[in-house]
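One is the number of the first residue; the rest follow in order along the sequence.
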Amino acid sequence: MVTNDAIAPVPSVGGILDLARSQRLSLTDLFQVAESRSVAGHRAEAAEIYKVWIAFNENHPLLHLVYFNYSVTLRQLGDIAGSIHALRACLKHDPRFGPAHINLGRAFEDSGIATQAIQQWRSFVELTAESTPDRLAHRLMALQHIGRVMENAGLLEDAETALWQAMELRPDKTEAGQHWSAVRQRQCKWPTLISSDHVSMRYLLDAMSPLALACYSDDPLFQLARAYRYNKSFVGRPDTSGFPRKTVARKTGTGQRLRIGYVSSDLRDHAVGFALREVLELHDKRSVEIYAYYCGERAEGDATQARMKAAIDCWRDIAALSDAEAARQIADDDIDILIDVNGYTKHARTKIFAYRPAPVIVNFCGYPGSMGSPFHQYIIADDRIIPPENEIYYSEKVLRIACNQPLDRKRVIAERPSRSEAGLPEDVFVFACFNGMQKITQESFSHWMKILLATPGSVLWLLTGGDDVDQRLCKAAEGAGVEPDRLIFAPKAPNAKHLARIALADLFLDTFPYGAHSTAADALTMGLPVLTFPGKSFAARFCHSIVAAAGVAELISSGPEDYIEKAIGFAKGPRSLERIRDSLQAKRETSPLRDIPALARRLEELFWQMQAECERGETPVPDLRNLDIYYDIGIELVQDNIAFCDDRAYRQAYLDKLSEWHDYAPIGPDSRLWTKP
């Protein structure tokens with residue numbers, strides 16, 4: 001097993017003080033550095049850092065928090081008078097800051113002035129007399145809205161602060177925590193989850209969205225159980241009294257076409273839109289009739305939407321409709337098979353499917369995992385993403401295509417730039433990863449640093465996450481002994497230009513546990529080899545499926561150690577990589593990855609298979625047994641934060657916990673690991 005190893009630079013005290021004086025030491029870094037000095041027994045250094053920061057950052061909006069931490073450090077040093085001064089300064093900046101009132105009263109009490117202590121505490125009670133449940137609810141709502149708007153505007157640091165305040169106010173309300181963990185992932189802040197006296201690790205995990213969890217842990221049983229819990233809270237059980245269950249239309253052998261409905265917010269210039277547009281164009285209109293239900297943002301002049309609208313039979317914009325209204329429209333359209341292309345992603349309209357507006361509902365293409373819902377009956381994947389032995393990690397019945405990553409062979413690609421034009425050095429080995437920042441975990445970054453240390457002169461090319469995130473990664477590299485300038489950040493570019501520059505790299509390094517999806521298909525299409533290793537969950541197995549479909553299975557490693565060893569070997573022996581590039585080029589047009597006509601035909605075969613099963617009364621019923629128990633076990637195991645382990649050890653850990661549960665209170669059998677009668 002490989003566990004998480006921190007990577008953090010250790011600057012000198014003098015350097016820290018210089019950053020504080022020049023206002024270049026962020027609040028987060030201040031707290032981390034001062035706390036590390038204090039824990040190491042150097043409290044005087046921590047106090048000096050706080051004092052200098054305060055002197056040169058008097059206009060900071062969160063100065064009261066610094067004064068508070070400064071007071072705590074002074075108290076630990078035995079300077080009670082200094083602590084009182086700091087607490088009073090804290091309350092001047094935020095008169096309602098409860099911890100300062102509490103600590104100031106304690107300081108007076110410990111100084112033998114009980115009357116003043118009581119007076120201090122009473123003043124706080126009076127100050128907060130108006131904190132009614134309604135006012136607290138409004139404060140929570142305001143903080144959540146602030147965090148949401150700032151997140152959407154890319155002000156991630158500010159969003160994180162507002163969301164944390166909301167979590168501390170009501171940790172049992174998961175909305176703020178869901179966004180908070182995702183914001184930290186996008187900023188590459190490690191460890192991702194940090195608890196406090198008011199927000200436990202359990203609360204943080206309970207709040208994490210299924211998609212963020214896929215970036216955090218390779219635990220498909222817990223991901224299934226989390227999806228099940230998320231569906232219950234996010235979707236619930238809508239009132240379906242006005243929605244009679246749709247009965248199947250008998251179409252097999254009649255010559256009638258099947259009506260297929262695709263529901264998505266991403267049928268536009270988006271990774272999902274790019275993946276599906278040629279599939280929609282190639283559907284056999286003699287066999288299927290295609291309806292698209294778009295629930296995303298307005299996309300005027302969008303090229304992908306224009307192509308889709310020209311290819312399908314009926315386009316409906318349902319963004320302005322309520323879930324019930326959208327479900328009624330789908331039911332009125334007599335859709336036979338309804339495909340959820342969003343899953344639990346941004347702008348998803350999952351509740352539409354809860355009304356069961358079609359006899360068959362399918363999870364496909366947009367979400368890397370099980371929906372854990374009572375109304376998603378099928379999931380479409382492939383043999384590598386979900387081998388037969390892994391079907392226990394899904395509540396849906398698994399049906400398979402050759403490769404689960406559709407692509408568009410007609411995509412426009414700009415003229416290829418030179419390395420210098422792309423900001424790259426000419427004569428060095430270029431490792432690259434164009435995955436989103438939220439997929440870069442502490443463990444993946446550690447793997448990359450080991451690779452760079454073993455290959456002097458090489459560089460790592462990443463998509464920019466913004467100045468703050470880029471600098472954070474540079475600091476982490478420096479802490480691992482790698483020169484920060486060996487990290488090169490590519491600015492955002494239009495899709496055609498981004499595709500053109502991809503092949504300038506020598507080797508794409510995948511992330512774990514959430515690997516590259518359409519990004520891997522783009523890289524391989526452009527002739528860039530992609531090095532990966534599979535895990536257990538959908539997101540952790542997707543990339544190796546794409547690599548295998550491209551015909552270059554030699555790029556699939558067995559685990560992190562093999563991945564690191566292969567990357568180093570390719571950099572030191574680039575001729576072997578040239579052979580792989582040649583193989584990619586030779587197989588490009590004949591590989592399953594690019595056989596989109598065959599993919600479209602296979603999808604239609606699966607649609608008719610689902611239809612036939614429905615007509616026979618054999619539509620599968622999702623198995624949701626014992627998922628609350630798997631959730632409680634998973635939330636305990638995931639806190640160990642194991643980055644990678646083999647399947648046998650993983651399953652045994654769950655079996656051991658299930659046995660403990662069963663000994664305490666008997667558990668009924670399920671179709672997963674607990675099959676005992």
Between the side chain of Gln611 and the main-chain N/O of Trp608, is any donor-acceptor distance below 3.5 Å?
-> no
Quick one: are Val362 and Gln377 in side-chain contact, heavy atoms under 4.5 Å?
-> no
Side-chain donor-acceptor pair present, Glu613, Tyr378, cut-off under 3.5 Å = yes
Leu193 and Ser195, any side-chain heavy atoms less than 4.5 Å apart | no
What distance separates Glu443 CD from Trp190 CH2, expressed to the nearest 0.5 Å?
-> 9.0 Å
Nearest heavy-atom pair of Asp239 and Tyr355: which atoms, and what distance?
-> O-CE2, 3.5 Å
Heavy atoms of Leu555 and Leu531 approach each other most closely as O-CD1, 3.2 Å
Less than 4.0 Å between a side-chain N and a carboxylate O, is that true for Arg602 and Glu605?
-> yes
Indicate yes or no: at least one non-hydrogen side-chain atom of Asn342 is less than 4.5 angstrom from one of Cys295.
-> yes
Is the closest basic N to carboxylate O distance between Lys566 and Glu561 below 4.0 Å?
-> no
Any donor-acceptor pair under 3.5 Å from Asn435 side chain to Met437 backbone | no
Fit a plane to each ring of Tyr393 and Tyr650, take the angle between them on a 0 to 90° scale, and name the class: parallel (under 30°), tilted (30 to 60°) or perpendicular (over 60°).
-> perpendicular
Test: Glu175 and Lys173 ion pair at under 4.0 Å | no
Pair Phe533 and Phe644, ring centroids less than 6.0 Å apart | yes
Can you list every pair that meets side chain to side chain donor-acceptor pair (under 3.5 Å) and has a residue in residues 362-373, with sequence neighbours left out?
-> Asn363-Glu396, Ser370-Ser395, Ser370-Glu396, Ser373-His376
Side chains of His517 and Gln405, donor plus acceptor under 3.5 Å | no
For residues 213-230, which residue pairs qualify under salt bridge (Lys or Arg N to Asp or Glu O under 4.0 Å), counting only residues two or more places apart or in two chains?
-> Asp218-Lys536, Arg229-Asp628, Arg229-Asp632
Lys/Arg N to Asp/Glu carboxylate O, Arg672 vs Asp670, below 4.0 Å | no
Find out whether Ile352 and Tyr293 are in side-chain contact, i.e. whether some heavy atom of one side chain is under 4.5 Å from a heavy atom of the other.
-> no
What is the minimum heavy-atom distance between Ala549 and Ser591, and which atoms define it?
-> O-CB, 3.3 Å
Between Leu211 and Pro368, the two heavy atoms sitting closest are CD1-CD, 4.0 Å
Before accepting this row, confirm whether a basic side-chain N of the pair Arg384/Asp382 lies closer than 4.0 Å to the acidic partner's carboxylate O.
-> no
Do NZ/NE/NH1/NH2 and the carboxylate oxygens of Arg349 and Asp340 come within less than 4.0 Å?
-> no
Checking ring pair (Phe, Tyr, Trp, His ring centres under 6.0 Å) for the pair Trp674/Tyr630: CA distance, chi angles, key distance, verdict?
-> CA-CA 10 Å; Trp674 195 252; Tyr630 281 99; 9.1 Å; no
Ignoring hydrogens and angles, state whether a donor on the side chain of Ser659 or Asp656 is under 3.5 Å from an acceptor on the partner side chain.
-> no
Going by an N to O cut-off under 4.0 Å, is there a salt bridge joining Asp332 and Arg328?
-> no
Qualifying residue, where the test is salt bridge (Lys or Arg N to Asp or Glu O under 4.0 Å) with Asp336 and the options are Arg259, Arg257, Lys251 | Lys251
Not counting sequence neighbours, which residues clear side-chain contact (heavy atoms from CB on, under 4.5 Å) with Ala358? List them please.
-> Ile335, Leu338
Would you confirm whether Arg184, through its side chain, and Thr192, through its main-chain N or O, come within 3.5 Å as a donor-acceptor pair?
-> yes
When every non-hydrogen atom of Asn626 is compared with those of Gly668, the smallest separation belongs to ND2-O, 2.7 Å
Determine, for Arg148 against Glu151, whether the closest basic-nitrogen to carboxylate-oxygen distance falls under 4.0 angstrom.
-> no
For the residue pair Tyr344 and Tyr230, is the inter-centroid distance of their aromatic rings smaller than 6.0 Å?
-> yes
Any donor-acceptor N/O pair, Tyr563 side chain to Asp510 backbone, under 3.5 Å = yes
Classify the side-chain pair His198/Glu168 by whether it contains a donor and acceptor separated by less than 3.5 Å.
-> no
State whether the side chain of Ser557 and the backbone N or O of Gly559 hold a donor-acceptor pair below 3.5 Å, judged by distance alone.
-> no
Polar side-chain atom of Arg186 near backbone of Ser181 as donor-acceptor pair, under 3.5 Å = no
Contact check, side chains of Thr441 and Phe512, non-hydrogen atoms, under 4.5 Å | no
List the steps and the verdict of ring pair (Phe, Tyr, Trp, His ring centres under 6.0 Å) for Tyr631 and Tyr228.
-> CA-CA 9 Å; Tyr631 183 87; Tyr228 164 72; 8.9 Å; no
